[in-house]
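In what follows, a structure is listed as structure tokens, so that the remarks can point back to it.
We use all heavy atoms of the structure for the numbers below, so side chains are in, but hydrogens, waters and symmetry mates are not. One-based numbering, in listed order, for ligands and for the atoms of each.
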Amino acid sequence: MFLRYAPLMVPQPTTPTRTGALTRVSPDRQANVLEGMGTVAETDLGSKLGTLLTAVEREHAPLELTAHSVRGEPVTFAEAARADYRPFRVGDRWGPPWSTTWFHVRGRVPAEWAGQMAVAVFDIGFQGNTGFTCEALAWRDGKPWRGVDPNHRCLPISSTEIDFYLEASAIPTAVVAGPAEAPSMIALRESGDPAFVFRQAELRIQDPSARKVALDFKVLYELAMALPVGERRAEIFEALERFARSEDAVELERALSRQSRSTHLITAVGHAHIDTAWLWPLRETRRKSARTFSTALALMDEYPDYRFACSQPAQYAWMKESYPGIYEGIKQKVTGGQWEPVGSMWVEADCNLPSGEALVRQFLYGKRFFMQEFGVDTRELWLPDVFGYPASLPQLIAESGGEYFLTQKLSWNDTNKPAHHTFMWEGIDGTAIFTHFPPADTYNGDFTAGQIVHSAADFKDQDRSSRSLYLYGWGDGGGGPEPDMIESAHRLRSLDGAPQVELGRAADFFARAKQQAHNLTTWVGELYFELHRGTYTSQARTKRLNRRAEQALREAEIWSVAVGTGYPADVFDSTWKRLLINQFHDILPGSSIDWVYEDAEGELEAVIEVAGGVTTAAQSRLAGDGDNLTVFNVNSHARREVVEADGRLVLVDAPPCGWASIAESTPAQVQPVSVSGRVMENGLLRITWDDAGLLGSIWDKQAEREVLTAGALGNALLLHDDNPKNWDAWDVDADYRDNFVRVTDLRSASVEVDGPLRAAVRFTREFGSSRLEQRMVLDAGSRVLRFETEVDWQEEHKFLKVAFPVAVRSARATYEIQFGHVERSTHANTSWDQARFEVCAHRWADLGEPGYGVALLNDCKYGYDILGSVMRLSLLRAPTHPDPAADRGKHRFTYALMPHPGDFRDAGVIAAAEDLNNPLRVVRGGLSMGVRRSLVEVDAPQVVVEAIKQAEDSDAVIIRLYEAWGGRCRARVNTSLPASRAFLCDLLERDRDELAVRDGQLDLELEPFKILTLKLVP
Ligand SMILES: [Zn+2]
């Protein structure tokens, strides 16, 4: 995630402090080195390296440039080639932010250079204005050729006449670290000032033998600098000194010929982490991919042993659509084994926030793409840069046919560094996955010898395994490996002082490492990331739209299946992909520039609209024509709820995963709800509040106990100062808790609805520059006290939390994650507990003691903290970087408190959270009274149906369900869908076992948190 554009750096010594070449030599060898050194003793080996590198290129011949500037959206090559070009000189300015300039490059290799290797060298302004960067794609003969960026500045020239184009993107870059306010990229799109100075465009001769010597020297020098004082280190320095005196390359070759004595084998995999959107919008990533992939393909031709691992099918799909030549090249190199598709997910998605079903679709679309396009069944989940990994992920990996997991992100933990690099990771259901954290602690390796040496030395599982993976190549903004890295790899293949190194494939590494490793440690539960805790909350509108979009698609699929014909498979395919791409690990977490959220909000609104349209059409077909009311329930439990129909409140009964005609009159058997003064009560709860609208008491009539802590106030809004030291949109620092104010200013309180089915009171508050309206709602017969909230949020660097101190004591609280839940401490006994001062949850969290508990539900929030007996939900943040106005403006969200007797499982907390998120829908139709249908009914309350959809490859129906309590159970499934045969499948809908089905009835056995995917063949 760091931008790491830097010119080639001569490595600087770290230890010991370098005052001259002699200090690097061990004392016992020093005498020998001193002997005969003469004037060379003055030689600075670092300077020598610089001199050698400079000598690789010589001579200069000019290139002629003309330019054509394009504002707004990029144009095709054909369009650009037809345009008028103006004269342009090195030293001229170009590139208003976010514009594109096409440079036509022409020239001639001087005749006297014949027989020598010529390169075109560019600096299009890489080191230009502070905070700006730029990149280009070179086009030759009308085809993408290679990327040109700060780390790929040379284009090899193979003909005398030179004629090609550079498509240069002017990309303003927000400064990444620190609390500074970022520029608005939306505003910069309109800026007219050129931001870059074109500094270099010329031909040079590259001398292969000088290059070889420079790289030989570089690897040895870096290796010596990385080694501890000792014989090998002294020996290398002696060789370097001898070379410096004699200029005899044999001195270097001899030192490089000493074979590695290490048993550790590093598999080095070329890589280019391309953030699908971050400090640039999606449209730029499409071009970044083209640049990076062209470079990778070109390097494969130059280095037949070069291997490049590339994740994110979404980026491949862009190539297929917009750069067919590159895509064809990728296909050939996949077939040849040099290009390795890795990853499994459609994009490298955030894993905290997407719903369980959305994660399934990441695997489904990602893995199917690789299989269909390349015949590759990826076995690894490849998420080097994602901000935490839920304990349900091992099962999802295994159930989609995977075996391995890779990340390195936990090396960034601010409190506890992971204890292992290779281990088994066991999820909530007991599935254990072979997991590897590359010990270089980076996915942007530079292939310096020092990084290789430290990578092996720091590997924490030496006694269990002798293999590790190393990802090298420029990343985040793409770019990928440069030729010198591959050259380093060749020299480090087996070099005394360093581990053994092979250029290889990730898949081979995983297979061999798993086979070779023994006695691996098992880590049980989530891989919580001890950083970036603000990403559960930042960019709240995008998070809300994401939740709504996930639900809208779920509903649209179920009702489309119910219709039985005309399932809009293509609509779902494209709409799901629009959602999935916006779950990328810098989009959904909230860590991107404003432009990205302009795009994301538009796209997610479109997903909701498309899916909503499908649902409306399907429901109107199911309900038919007429004026009777029909209620639709997408959830897999029966519901009795108050709903609004034509402006009236009605209490309705709705069947699971189904619909029913309903009467417009209300069944009598429910105790009414009412408001009087500052008291709201139904048959179960009695709520009172004070002058400031804060809750003083919630009395549970059934349990005969007070819900709130004695003397404490419930629904307390707390406005914290929120000034993270680094990573503004990403981080919440622990000390945010020290400074806060209570929002107690109440402008008005008014009763909006006073029974008998619903009671609602509206509270209006103002604080800072913001305004908050909250409707506190309680329905007849319900334990769920809802707070429907609208905020005009105009704060800066503030964090809004809501708190409920409750009279419940427990050392552990329970939080929903995808397909299950996890427990976390409510104290800070250990450093691991301490670091979890802000955690991620999905629709509910529960604090329970024997006999009683309280759940805090939400309809679009993800950040919680429960310390002692205080339950808090994170509502809004207001960072200024990388989006200067993140989260300012209007927000809507609902949270709810649900006090309950007994355990959260028996009390129906999971169902209540589902219901809060998926309201019943009432439509007019022609169903006669008494008509009801369930697509699926399950007789075990702990079994939840997550999805009902048509199969990807047939007209069979897929039903995904899971055990939600964490226990074993038997369940009988009754379905009204046609089912002549039934199969148990994996998440990719590949059949595993046939199940007995008779009269729409199936019997299942489920283990704790087990996900089952059923396929019903009509
Ligand atoms: Zn990333």
Quiz item: Among all residues two or more places apart in sequence or in another chain, which pass the ring pair (Phe, Tyr, Trp, His ring centres under 6.0 Å) test with Tyr864?
Solution: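 For Tyr864 there are no ring pair (Phe, Tyr, Trp, His ring centres under 6.0 Å) partners, ignoring immediate neighbours.
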
Exercise. For Phe370, check ring pair (Phe, Tyr, Trp, His ring centres under 6.0 Å) against everything at least two apart and list the hits.
Key: Tyr316

Self-check item: Aromatic ring pairing Phe369/Phe374, orientation class (parallel under 30°, perpendicular over 60°, tilted between)
Solution: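 The arrangement is perpendicular - the two ring planes meet at more than 60°.
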
Quiz item: Which N, O or S atom name in His273 marks its closest approach to the Zn ion (ligand 1)?
Solution: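 This turns out to be NE2.
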
Quiz item: Of all N, O or S atoms in His585, which has the smallest distance to the Zn ion (ligand 1)?
Solution: NE2

Quiz item: So what does the Asp275 OD1 - the Zn ion (ligand 1) - Asp385 OD2 angle come to, to 10°?
Solution: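 For OD1 of Asp275 and OD2 of Asp385, the angle centred on the Zn ion (ligand 1) reads 160°.
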
Quiz item: How about Asp586: does one of its N, O or S atoms come closer than 2.8 Å to the Zn ion (ligand 1)?
Solution: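 No.
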
Practice problem: Could you tell me whether Arg189 sits above the aromatic face of Trp595, with NZ or CZ closer than 6.0 angstrom to the six-membered ring centre and within 45 degrees of the axis? | Solution: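 Yes, Arg189 sits over the ring of Trp595.
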
